[in-house]
Amino acid sequence: MVGRGLSNAELAAELHISPGTAKTHVANLLAKLQARDRVQLVILAYEHRLIAPSR
């Protein structure tokens, strides 16, 4: 979902969790994957074929 560009609020709504919990999950992803920011998470998602460009 981060790879699709969803915000923390959008993640929270889709997963039925609080925005704070979504923020924590994104922070954990950043730390575990040693990514600088959300953009790097998107790049990693493309590189590992977790998402594909929309047409």
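No experiment lies behind these values; they were computed from the predicted model shown.
- No continuous path of hydrophobic side-chain contacts links Val42 to Leu50 [ILVMFWY only; heavy atoms under 4.5 Å].
- Rounding to the nearest 0.5 angstrom, the gap separating the NZ atom in Lys23 from the OG atom in Ser7 is 12.5 Å.
- Between Arg36 and Leu41 there is no side-chain heavy-atom pair separated by less than 4.5 Å.
- Shown here is Gln34, whose CD atom has no more than 12 heavy atoms of other residues, nucleotides or ligands within 6.0 Å.
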Hey, mind stepping through Arg4 and Glu10 against salt bridge (charged side-chain N to carboxylate O under 4.0 Å, His left out) and telling me if it holds? CA-CA 11 Å; Arg4 291 191 331 231; Glu10 292 166 330; over 6 Å; no
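- Summarising the geometry, atom CG belonging to Leu29 is positioned 12.5 Å from atom CD belonging to Gln40; distances are rounded to the nearest 0.5 Å.
- Both Val2 and Leu30 belong to a single network of hydrophobic side chains, linked directly or stepwise wherever heavy atoms of I, L, V, M, F, W or Y lie under 4.5 Å apart.
- Thr21 and Ser18 share a side-chain donor-acceptor pair at under 3.5 Å.
- Of all heavy-atom pairs between Leu11 and Ala22, the closest is CB-CB, 4.1 Å.
- With hydrogens and angles ignored, the 3.5 Å screen pairs a side-chain donor or acceptor of Arg38 with a backbone N or O of Leu6.
- At a threshold of 4.5 Å between non-hydrogen side-chain atoms, the residues His25 and Met1 do not count as touching.
- Rounded to the nearest 0.5 Å, atoms CG (Asn28) and CG (Leu33) are 10.5 Å apart.
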